[in-house]
There are 2 protein chains.
Amino acid sequence: MGQSDTRTRIQGAATVLFRRNGYSATGLKRIAAEADAPFGSIYHFFPGGKQQLAETTIRTSGAEYGRMVLALLDSVPDPVESLVHAFEAAADDLAAADYADACPIGTVALEVASSNEVLRVATAEVFEEWVGTATRWFGRWVAEPKTAHSLAYSMIMMLEGAFMLSRAARDPKPLRVAGRSMAELLRAATTQRS
Amino acid sequence: MGQSDTRTRIQGAATVLFRRNGYSATGLKRIAAEADAPFGSIYHFFPGGKQQLAETTIRTSGAEYGRMVLALLDSVPDPVESLVHAFEAAADDLAAADYADACPIGTVALEVASSNEVLRVATAEVFEEWVGTATRWFGRWVAEPKTAHSLAYSMIMMLEGAFMLSRAARDPKPLRVAGRSMAELLRAATTQRS
DNA sequence: GTCTATAGTGGGATAGAC
DNA sequence: GTCTATCCCACTATAGAC
């Protein structure tokens, strides 16, 4: 256990730091210190260095976060209420975390988009996975697959944008507004309009 | 002219690099090189160093970008069509720029939100200014001020989230979907629903 | 004021003792 | 396999020549 435990602590510390401060601003020495692990252990478990560690955290925390959001959406029966509730929960969590822990991959995604192909592809695949999951969720209430797909994209984009504005302003309001807008979008998609 | 021209080139190069690669990944040496300016000139014109240079670019390019988006929205008479058109234009521009030049402050905003108060406040104030401008624009077609405010927030959040997904996937589609969703939101706000 | 050289710090990565 | 010491490089910042 001692061995894989070190690896777990390293990956956990990396996930937290990349999420809060991004890829470039996070040093491997800092990760080792936060993980209470010797510096060399990073290269033992992640021979590919910083990039491999980041790719691992992106894919792992990305999948985890997707499951968490889906579970949150499934915890309320009515889909419109569920959207409002999920964004409210995200707002509360973000405020409780002092506006530090939002999307685990958002900051890194923007940072590496034009500078690191390996990490860019990793973030793109995580987003794609989220869109697929969300499309299936919306598909339970929306007839047109294309509409479900658009709603899924919109939900993730609205969430990412809301995280950005809420963190910058240190204010949960953007996330709450985003939730109500997504509810409105779903209502519009399921309601006949004159 | 020679003097302030150097300052302009430095600020221009900084704006481009911060926008593409973020704050931490951008070195002052690189900025000086891209600006064809001696390294020392950065500290001559920006005695506060990297932070002051970044704050200046955030506020300046932020205001410019806000004016540009507003002009784009005002270039089409019908507001619903205008939203679709504006996001389409953003999609075309982003693809033409090889997915490098999206929002001038988005990447930096996420990077500094939990690590640099001066820059965090600068990004927050730019976002606030955009929301105000957009609220006035939506107010021309929506009666309720609160609704106009929500639409303004949603548009900016959707744009930021769409930039993130489009850059990660190197695909203009998220931006186009975002535009259609914003059009749908405005339609829902201006149409009677059964 | 313009520019260069360098100090001082922290980064990623590696070699090698244990 | 675990851990430490160190290398080399890039960074921010500054001192000082011109």
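Here is how names work: the chains are called A, B, and so on, in the same order as the sequence lines, proteins then strands, and each is numbered from 1. For clarity, every value in this text was computed on a predicted model and none was experimentally measured.
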Please pick, from [options], the nucleotide with the shortest atom-to-atom distance to any side-chain atom of [X].
{"X": "B/H44", "options": "C/dA5, C/dA13, C/dT2", "value": "C/dT2"}
{"X": "B/P38", "options": "D/dA13, C/dT4, C/dT14", "value": "C/dT4"}
{"X": "A/F39", "options": "D/dA13, C/dC3, D/dA5", "value": "D/dA5"}

Rounded off to whole Å, could you give me the [atom1]-to-[atom2] distance for the [X] and [N] pair?
{"X": "A/L53", "N": "C/dA13", "atom1": "CG", "atom2": "C1'", "answer": "14 Å"}
{"X": "B/I42", "N": "C/dT4", "atom1": "CD1", "atom2": "P", "answer": "13 Å"}
{"X": "B/K50", "N": "C/dG10", "atom1": "NZ", "atom2": "C1'", "answer": "13 Å"}
{"X": "B/Q52", "N": "D/dA13", "atom1": "CD", "atom2": "C1'", "answer": "14 Å"}
{"X": "A/N116", "N": "C/dG12", "atom1": "CG", "atom2": "P", "answer": "13 Å"}
{"X": "A/F46", "N": "D/dT2", "atom1": "CZ", "atom2": "P", "answer": "13 Å"}
{"X": "A/R7", "N": "D/dT2", "atom1": "CZ", "atom2": "P", "answer": "12 Å"}
{"X": "A/L28", "N": "C/dT14", "atom1": "CG", "atom2": "P", "answer": "11 Å"}

Next on the checklist: So if I take residues 18-27 of chain B and measure heavy-atom distances to DNA chain D, which residues fall below 4.0 Å?
Outcome noted: B/T26, B/G27
Are any protein N/O atoms closer than 3.5 Å to N/O atoms in nucleotides 8-10 of chain D? If there are, list each pair with its distance.
none

Item to check | A/S24 side chain to B/S24 side chain, donor-acceptor N/O pair below 3.5 angstrom | outcome: no
Item to check | Under the side chain to side chain contact (heavy atoms under 4.5 Å, CB included) test, residues paired with A/S114 that sit two or more places apart | outcome: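 Expected list: B/N21, B/A100, B/R167.
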Item to check | Contacts of A/D78 that satisfy side chain to side chain contact (heavy atoms under 4.5 Å, CB included) - sequence neighbours left out | outcome: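 If we apply the side chain to side chain contact (heavy atoms under 4.5 Å, CB included) test to A/D78, skipping adjacent residues, the hits are A/V80, A/E81.
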Checklist entry - Could you give all pairs that pass the ring pair (Phe, Tyr, Trp, His ring centres under 6.0 Å) test and reach residues 11-31 of chain A, with sequence neighbours left out? => result A/F18-A/Y23
Checklist entry - Can you list every side-chain hydrogen bond (donor to acceptor under 3.5 Å, both in side chains) pair that touches residues 97-106 of chain A, not counting sequence neighbours? => result A/R20-A/D101, A/D98-A/R170
Residues in ring pair (Phe, Tyr, Trp, His ring centres under 6.0 Å) contact with [X], at least two apart in sequence or another chain:
{"X": "A/H149", "value": "A/Y153"}
{"X": "A/F87", "value": "none"}
{"X": "B/F138", "value": "none"}

Item to check | salt_bridge(B/E184, B/R180) N-O dist < 4.0 Å | outcome: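 Result for this pair is no, no salt bridge flagged.
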Interface polar pairs with nucleotides 15-18 of chain D, N/O, under 3.5 angstrom:
none

Item to check | Results of salt bridge (charged side-chain N to carboxylate O under 4.0 Å, His left out) for A/R30 - residues two or more places apart only | outcome: A/E34
Without placing hydrogens or testing angles, list every side-chain donor-acceptor pair under 3.5 Å for residues 60-68 of chain B, not counting sequence neighbours.
residue: B/T60; atom: OG1; partner: B/Q11; partner atom: NE2; Å: 3.3
residue: B/T60; atom: OG1; partner: B/T56; partner atom: O; Å: 2.9
residue: B/S61; atom: OG; partner: B/T57; partner atom: O; Å: 2.5

